[in-house]
Amino acid sequence: MQIATWNVNSVRARQERVTAFLQRTNVDVLAMQEIKCKPEQFPVEAFEAIGYKIISHGLNQWNGVAFAYKQDLEAEDIETSFDQQPEFKDVQEARALGATFNGVRVWSLYVPNGRGLDDPHMQYKLEFLDRLAATTAEQLEMDPELEIALVGDFNVAPLDSDVYDLSLFETHVSEPERDAFSAFEQIGLTDKVRELVPDIYTYWDYKDLCFPKNNGMRIDFMLTSDALTERIESASIERDERKGELPSDHVPVVISLS
DNA sequence: ATGACTCGACTATCGAGA
């Protein structure tokens, strides 16, 4: 089974590229972020036409998360938020979607952008990461053999080498953000993609020729519990998806399971 | 070339992205 994650930056604008990606790679489950639409606006028919079903969670033109999965799979125990997922200004945004495929619990996650070190969104971001780690830890304590994958746009660059010029960044690289990210490793999750595919970015800003200059960031991750990490046979970061017509500013990350 | 932001709200500009 192959699982992928991709911040598509509008699924309606990216419909052709996303369906072409699924046809090319034949991944079984694609977790998407920033779909930027409500469920009734999602181009479901285009995915059904190539043999995929859709679950989506979107409230408006902001954020939004979804799964495309092969039509012969079942999506079980669907959740549109995790336990005690924080709100921003009394709104629980569409930033998390959980579903179980063939016994693998997958969460499609779009972690809030902190915007600035002193911006209220930074506290929101840190709480989001803290609560996600805490609830995942509780689940793994109850059953250490669970196969869990937390995948998506974490909006954190854990290593200095995950940004092209550290001096240009305040957010994404700050100590509180990196501490919040490292909590996932402390509760037993592993970034196996890092080991298999080092030194490749997952995001390049549209501005200032960032992609031709390779001025990128590594902020999209697939974190797996031990039982699932053991099943990862290979991984890829689909850098070529940043090329060509109407690309997202992020590229897909893919794992292949035994 | 991988090339100088893009998206979706709305119709002219703006919030948001990171």
Side-chain angles (χ1 to χ4, degrees), chain A residues 5-18 20-21 24 32-43 46 56-66 87-89 91 93-96 108-126 128-129 152-178 180-181 199-221 236-253:
Chain A
T5 186
W6 194 2
N7 179 325
V8 296
N9 184 18
S10 172
V11 73
R12 288 179 288 177
R14 221 66 63 205
Q15 173 188 318
E16 288 188 17
R17 287 204 62 137
V18 177
F21 167 77
R24 174 172 69 81
M32 288 172 269
Q33 301 87 37
E34 279 209 88
I35 61 169
K36 291 186 168 179
C37 67
K38 303 171 189 176
E40 61 266 31
Q41 299 172 308
F42 198 106
S56 70
H57 176 44
L59 303 176
N60 48 41
Q61 71 270 40
W62 308 121
N63 318 309
V65 281
E87 300 177 345
F88 190 79
K89 292 185 175 175
V91 176
E93 298 178 317
R95 296 181 175 275
S108 179
L109 299 161
Y110 181 39
V111 177
N113 186 325
R115 302 194 186 187
L117 294 180
D118 298 323
D119 193 294
H121 290 86
M122 181 57 73
Q123 239 0 88
Y124 174 42
K125 172 182 191 172
L126 295 174
F128 188 98
L129 290 166
D153 179 355
F154 282 75
N155 268 320
V156 178
L159 305 182
D160 288 354
S161 57
D162 291 334
V163 294
Y164 67 97
D165 183 349
L166 189 60
S167 71
L168 298 178
F169 292 89
E170 288 188 339
T171 63
H172 297 71
V173 300
S174 74
E175 190 171 343
E177 289 165 278
R178 286 179 169 176
F181 186 86
D199 305 324
I200 298 181
Y201 297 132
T202 64
Y203 162 89
W204 297 261
D205 200 308
Y206 288 119
K207 291 183 287 190
D208 303 325
L209 290 172
C210 278
F211 187 56
K213 294 175 181 170
N214 197 30
N215 288 345
M217 306 173 74
R218 187 174 180 128
I219 52 177
D220 299 272
F221 300 102
S236 64
I237 293 175
E238 300 289 326
R239 191 180 186 282
D240 285 354
E241 284 295 342
R242 188 64 177 77
K243 303 177 181 178
E245 294 288 314
L246 292 173
S248 171
D249 41 5
H250 296 251
V251 295
V253 182

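Chain letters run A, B, ... following the sequence lines, proteins first and then strands; every chain starts at 1. In this text, all values refer to a predicted model and were calculated from it rather than measured experimentally.
Screening A:E93, A:K89, A:E87 against A:Y124 for a side-chain hydrogen bond (donor to acceptor under 3.5 Å, both in side chains) leaves a single residue, A:E93.
Using cut-offs of 30° and 60° for the angle between ring planes, the A:F221 and A:F181 rings count as tilted.
Positionally, the nearest nucleotide of DNA chain B for A:K213 lies more toward the 5' end than for the other of A:Y203 and A:K213. A residue-by-residue look at A:W62 and A:P212 shows that A:P212 has its nearest nucleotide of DNA chain B further toward the 5' end.
Taking atom CG of A:D162 as the reference point, atom P of B:dA18 lies 15 Å away to the nearest angstrom. Between A:Y124 atom OH and B:dG17 atom P there is a gap of 10 Å when expressed in whole angstrom units. In this entry the distance linking CD1 of A:I237 with P of B:dT2 reads 20 Å, nearest Å. In this structure, the CG atom of A:L59 is 16 Å from the C1' atom of B:dA16, given to the nearest Å. Atom C1' of nucleotide B:dG17 and atom CH2 of A:W204 are separated by 17 Å, given to the nearest angstrom. The CE-P distance, from A:M122 to B:dG17, rounds to 12 Å in whole Å. Residue A:Q61 contributes atom CD, which lies 13 Å from atom C1' of B:dG17 at whole-angstrom precision. Distance, A:H172 NE2 to B:dA16 P: 15 Å, rounded to whole Å.
Residue contacts for A:F169: at a heavy-atom cut-off of 4.0 Å it reaches no nucleic acid atom on any strand shown. Residue A:Y110 is classed as a sugar-phosphate contact, given heavy-atom separations below 4.0 Å to backbone atoms only. Using a 4.0 Å heavy-atom cutoff across all strands shown, A:H121 reaches no nucleic acid atom at all. Nucleic acid contact class of A:N63 (heavy atoms, under 4.0 Å, all strands): none. Across all strands shown, A:N215 has no heavy atoms under 4.0 Å from either base or sugar-phosphate atoms. Residue contacts shown for A:T171 are absent, as no nucleic acid heavy atom lies under 4.0 Å away.
Between the side chain of A:N113 and the base of B:dA18, a donor-acceptor pair under 3.5 Å is found.
Distance from the side chain of A:M217 is smallest to B:dA18 among B:dA9, B:dA18, B:dT2. Here B:dA18 is the nucleotide among B:dC5, B:dA18, B:dA9 with the atom lying nearest to any side-chain atom of A:E34. Listed candidates were B:dA18, B:dT2, B:dA9. Nearest to the side chain of A:I219 is B:dA18. Distance from the side chain of A:L209 is smallest to B:dA4 among B:dG8, B:dA4, B:dA18. Side-chain proximity of A:N155 to B:dA9, B:dC7, B:dA18: nearest is B:dA18.
Between B:dC7 and B:dA18, the distance separating the two P atoms is 14 Å to the nearest Å. Taking atom C1' in both B:dA4 and B:dG15, one finds a spacing of 22 Å when rounded to whole Å.
Using a 4.0 Å cut-off, no side-chain N or O of A:N9 falls inside it from OP1 or OP2 of B:dT6. Residue A:R14 places at least one side-chain N or O closer than 4.0 Å to OP1 or OP2 of B:dC7. OP1 and OP2 of B:dG17 both lie 4.0 Å or more from every side-chain N or O belonging to A:H250. Residue A:R115 places no side-chain N or O under 4.0 Å from the OP1 or OP2 atom of B:dA18. Within the structure, every side-chain polar atom (N or O) of A:R12 is placed at least 4.0 Å from both OP1 and OP2 of B:dC7.
Aromatic ring centres of A:Y201 and A:Y164 lie farther apart than the 6.0 Å criterion allows.
One finds a salt bridge joining A:R178 and A:D160 here, because a Lys/Arg side-chain nitrogen approaches an Asp/Glu carboxylate oxygen to under 4.0 Å.
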- Kindly indicate, with the supporting measurements, whether the criterion side-chain hydrogen bond (donor to acceptor under 3.5 Å, both in side chains) is fulfilled by A:N9 and A:K36. CA-CA 7 Å; A:N9 184 18; A:K36 291 186 168 179; 2.8 Å; yes
- Item | Trace of the side-chain hydrogen bond (donor to acceptor under 3.5 Å, both in side chains) decision for A:T5 with A:Q33 | CA-CA 8 Å; A:T5 186; A:Q33 301 87 37; 2.9 Å; yes
- Under the side chain to side chain contact (heavy atoms under 4.5 Å, CB included) criterion, do A:T202 and A:I219 qualify, and how do the steps go? CA-CA 6 Å; A:T202 64; A:I219 52 177; 4.0 Å; yes
